[in-house]
Amino acid sequence: MDIPKTYNPEEAEQKWYDFWQARNYFISAPGGRPGQTSENKKPFTIVIPPPNVTGALHIGHALNNTLQDVITRFRRMQGYNALWVPGTDHGGIATQNVVERLLLAEGKTRQQLGREKFLEKMWQWKNESGDTILNQLKRLGCSCDWTRTKFTMDDDMSLAVMAAFVQLYNNGLIYRGNRMVNWCPRCQTALADIEVEHKEQKGNLWYILYHFKMDNGRSGIGGSHDSGGINETGDTPYVVVATTRPETMLGDTAVAVNPGDERYKIFIGRKLILPLVGREIPVVADELVDPAFGTGAVKVTPSHDPVDFAIAERHKLPSVIVIDEKGKMTKHAGNGYAGLDRYDCRKKVVDDLYAKGLIEKTEDYVHSVGTCYRCHTVIEPLVSEQWFLSTKEIATTAADAVKSGRVKFYPESWASPCIDWLENLQDWCLSRQIWWGHRIPVWYCKNKKTGCKPVASVTRPPKCPVCSGAEIEQDPDVLDTWFSSALWPFTVFGWPDRNEEKQVSGNGGNDGGNDGGLRYYYPTSVLVTGYEILYLWVARMIMMGLKFMGDVPFRNVYIHGIVRDIHGKKMSKSLGNVVDPLEIMKQYGTDSLRFVLTQSSTAGRDIQISEDSFTGARNFCNKIWNAGRFILMNTTQENAPRQDVSPDGPSGASDPVNRWIISRYNECVSDVTRSFENYNPAEASRRLYDFFWSEFCDWYLELVKPRLAPGTKPPSALLEVFIGCLRMLHPIMPYITEELYQKVLSAVGPDESGQNGAFPESIMIYPWPSVKNEMAYPDDVRELRFIMELITNIRIIRAEMNVPVKQTINMVVLSHDNRVPDLIKKYIPNLKFMCRVDGFSAAGTKPARSAVTVIGDIEICIPLEGIIDFAKESARLTKTIAAVSRDIEILGAKLSNEKFLSRAPSQEVQKIRDFSRQNEDKLNRLKKYLETLEGK
RNA sequence: GGGCAAUUGGCUCAGUGGUUAGAGCGUACGGUUCACAUCCGUAAGGUCGGGGGUUCAAAUCCCUCAUUGCCCACCA
């Protein structure tokens with residue numbers, strides 16, 4: 001077969017992706033995929049963390065989706081009815097912002113367009129570019145069931161969101177209230193607490209004088225202020241308050257102190273005159289005030305600070321709104337300030353206070369300010385009427401589910417932050433003052449006189465259902481985009497419509513995917529996601545899943561980190577350190593990208609990569625490719641095996657080399673399977689890399705070469721183990737494995753029956769390799785290990801003694817084992833191979849027997865028998881004994897080498913003696929310990 | 001202020017009580033007709049952040065300190 005020297009990814013990728021899709025391999029229904037007879041397979045389900053429709057595939061998506069695909073493909077091969085549900089999220093504010101920016105480029109705003117027209121634009125944009133990221137996922141090889149693709153604002157999905165809202169509303173868990181919320185002045189909407197990002201910012205702490213109202217009515221401004229927080233010495237006593245936001249003082253309605261603070265006790269209840277404004281405000285006592293901060297007296301601005309809001313509620317203080325929803329000062333800010341931007345106003349207030357001598361001092365102060373997670377504008381806390389979800393009850397249930405292990409986290413360390421968050425959760429502000437999203441399904445009676453209560457309903461009632469007559473209007477706000485996301489694990493399966501249907505039958509019929517399979521697929525098996533949306537999304541899904549489905553949405557959560565550049569910096573366009581997965585796929589192949597991401601993804605930890613990382617992966621692809629090339633060059637229709645790995649192949653059982661590689665292969669299967677099952681694909685990929693390259697290629701293929709004389713059949717293990725490796729590599733590197741597998745298929749050709757025997761039509765549906773314990777050959781493994789060590793030692797000695805490669809030498813091998821001569825004959829039977837191993841290539845004229853001569857035994861021998869017998873009591877101890885006894889074996893080998901090294905420096909000899917002594921010590925201590933055990 | 005994670009060779013990372021602590025990249029030396037120079041062979045390079053403890057045995061478990069990063073919090 002004519003195979004190019006290097007693997008060409010681009011050629012293979014599109015071809016095989018189309019091939020898989022054409023055969024419906026990705027499709028899953030409760031009864032299996034179309035054309036598949038129902039086999040009572042267990043489901044294995046993943047729902048995608050839906051990327052925003054705005055998204056273009058970045059490296060984070062690539063990591064997230066590669067991991068999901070690896071797990072899905074693995075489980076599918078393992079015999080599960082594997083389903084990976086794809087979809088996209090409407091992305092609320094983020095998406096609206098994108099379109100608003102586009103509009104702005106045309107010089108328009110959404111307000112100018114109006115709600116209806118603007119939404120048309122949104123949909124138009126969504127329809128044009130919303131599939132971009134899904135197509136990029138296909139490029140990445142994702143084996144999603146595309147027939148189930150969902151969008152959070154699809155009609156059925158929207159209805160489900162409405163239904164969820166109405167149910168919560170009717171359960172009394174959703175309420176409308178005037179509360180302090182995080183307001184983004186740029187996005188012009190409320191945000192949930194979790195959507196606020198806190199950033200350290202340099203600022204100032206201004207110490208402002210608030211004078212007491214004098215009995216005679218004077219405000220006392222202009223008095224002396226040479227002392228600290230309180231001044232009563234002059235005729236104008238005052239209190240000093242510290243603030244980082246002086247502009248909010250215009251809305252102050254009190255000054256608060258801690259009730260236990262002796263300094264201020266006598267002032268509680270007295271009146272102050274608010275500087276610049278002249279309003280009378282009281283001094284109140286509240287526990288929330290920290291006496292140690294600033295002066296211990298705090299200004300209270302109920303409208304613009306959450307703590308102050310709470311204080312005001314307790315003390316029934318009035319509130320004055322001085323900042324509006326655009327971040328500008330209101331008319332209540334007073335003359336000279338109204339209409340100013342909040343920061344301009346801050347400056348002016350400070351200037352004015354200075355001018356009046358009312359600022360005691362200014363300190364530099366670093367504090368964290370809340371910013372909008374979508375546009376990074378500084379949040380303004382504002383009181384406004386919003387919809388809230390009361391979370392206490394459902395969050396507690398969710399926390400319990402995590403505590404009891406109904407949801408397991410990988411790594412476990414993420415469980416407790418999740419529990420903590422749930423247990424301290426404040427009510428969730430659900431409403432957003434934007435247009436793109438699920439409009440809140442609450443309807444108000446237009447007839448104000450009747451005083452009808454608002455009604456929540458999935459569909460629009462024709463008239464007000466309360467007074468059954470008046471026109472109605474819908475609440476203008478939309479729901480937080482994360483509300484629909486929280487419902488995702490069951491709405492994608494058709495909730496609520498099919499909630500009841502399939503409960504009894506369990507394994508529903510094969511109706512080609514019309515049935516969402518809610519009860520069959522839910523709870524899903526695993527959620528794969530980054531830790532950055534643990535609270536935003538994961539915790540909320542658990543709450544909603546338990547609320548609506550009565551069970552957790554997923555049994556396992558695999559948390560991965562974020563991808564950083566090689567210096568540990570976050571990737572960003574402005575830093576220019578972005579690794580573009582599309583570019584990587586183009587340059588190195590999709591499999592290289594997937595391999596790097598899989599291999600470096602230790603659960604829960606960030607990974608650092610640079611473009612260089614992909615060179616190694618590409619080389620690995622090429623290694624696989626060339627191993628395949630070599631094997632295919634030796635495979636024909638006549639000599640090909642037609643079954644899974646077996647020692648009974650034509651020349652398999654008779655040759656210890658094959659028994660060795662089969663044993664090692666079996667160990668590899670066992671390890672890799674366990675790693676995948678434990679959600680550790682990184683470990684699996686490293687194990688495969690090592691086995692394939694360092695054992696299969698470096699040793700087995702080299703050992704096999706001399707056995708491939710023209711006219712002989714290659715050992716069946718050669719092809720069988722190779723295919724086995726391809727199968728295990730397939731979840732990680734789907735394309736190259738399929739490409740090579742297909743080449744094998746055509747080399748093998750159909751058997752007598754006209755079929756490919758045991759070989760399925762695609763590696764994707766080839767059942768996962770099983771461990772065959774009956775094919776473990778520990779004796780052969782031990783012997784081969786010895787031979788490999790021997791050959792390595794010969795290489796070392798040659799290199800150390802600067803023996804040119806082409807020069808043949810006489811070697812003496814010392815061993816304590818008199819089977820060694822036979823072993824060497826057995827494994828290195830002919831001259832050609834010997835020369836290869838030794839690095840002789842051209843001048844290998846001497847026969848093997850004179851190149852390697854074996855004599856004698858080693859001198860060092862410490863009796864171990866007694867201890868070993870005793871140690872049988874404990875496997876752990878046996879392991880230790882094995883370790884120590886091996887120390888001594890190696891010591892023997894080193895001492896043997898010493899004889900070769902006729903010019904070995906005395907230093908080296910000393911090293912060996914030290915080593916010997918250390919091991920004797922180790923052994924003696926162990927002996928002692930064992931004796932004490934025996935005594936007990 | 002609270003919490004979590006990390007600290008292993010020049011770099012990026014594996015390694016959750018037991019063989020001589022591993023790999024990739026980088027470095028040095030040597031090698032290509034015969035699957036692969038996207039390759040092969042060999043080497044150098046680590047007192048596993050510091051200190052203390054538990055243990056026959058510690059990179060691994062405990063305590064403590066240090067440094068870095070992240071998350072949370074009503075840092076006025």
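Every chain is numbered from 1, with letters handed out A, B, ... down the list of sequences.
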**Message:** Classify A:R686 by what it touches in the nucleic acid, base, sugar-phosphate, or nothing, heavy-atom distance under 4.0 Å.
**Reply:** sugar-phosphate

**Asked** Any side-chain N or O of A:W414 less than 4.0 Å from the OP1 or OP2 oxygen of B:G3?
**Response** no

**Request:** Check every strand shown and say whether A:T6 touches a base, only sugar-phosphate, or nothing at a heavy-atom separation below 4.0 Å.
**Result:** base

**Message:** Can you tell me whether the side chain of A:K705 and the base of B:A35 have a donor-acceptor pair closer than 3.5 Å?
**Reply:** yes

**Message:** Measuring to OP1 and OP2 of B:C36, would you say a side-chain N or O of A:N619 lies under 4.0 angstrom away?
**Reply:** no

**Request:** Using a heavy-atom cut-off of under 4.0 Å over every strand shown, decide if A:Y535 touches base, sugar-phosphate, or nothing.
**Result:** sugar-phosphate

**Request:** Indicate whether OP1 or OP2 belonging to B:A14 is found under 4.0 Å from a side-chain N or O atom of A:R605.
**Result:** yes

**Request:** Rounded off to whole Å, could you give me the NE2-to-C1' distance for the A:H198 and B:C72 pair?
**Result:** 9 Å

**Request:** Using the P atoms only, state how far B:U60 lies from B:G52, rounded to an integer number of Å.
**Result:** 13 Å

**Prompt:** For A:I566 and A:T243, take the nucleotide of RNA chain B holding the closest heavy atom to each; which residue's nucleotide lies nearer the 5' end?
**Reply:** A:I566

**Asked** Would one find a side-chain N or O of A:T602 under 4.0 angstrom from OP1 or OP2 of B:A14?
**Response** yes

**Asked** Under 4.0 angstrom, heavy atoms only, what part of the nucleic acid is A:D290 near: base, sugar-phosphate, or nothing?
**Response** base

**Request:** Please determine if a side-chain N or O atom of A:Q608 lies less than 4.0 Å away from the OP1 or OP2 oxygen of B:C13.
**Result:** yes

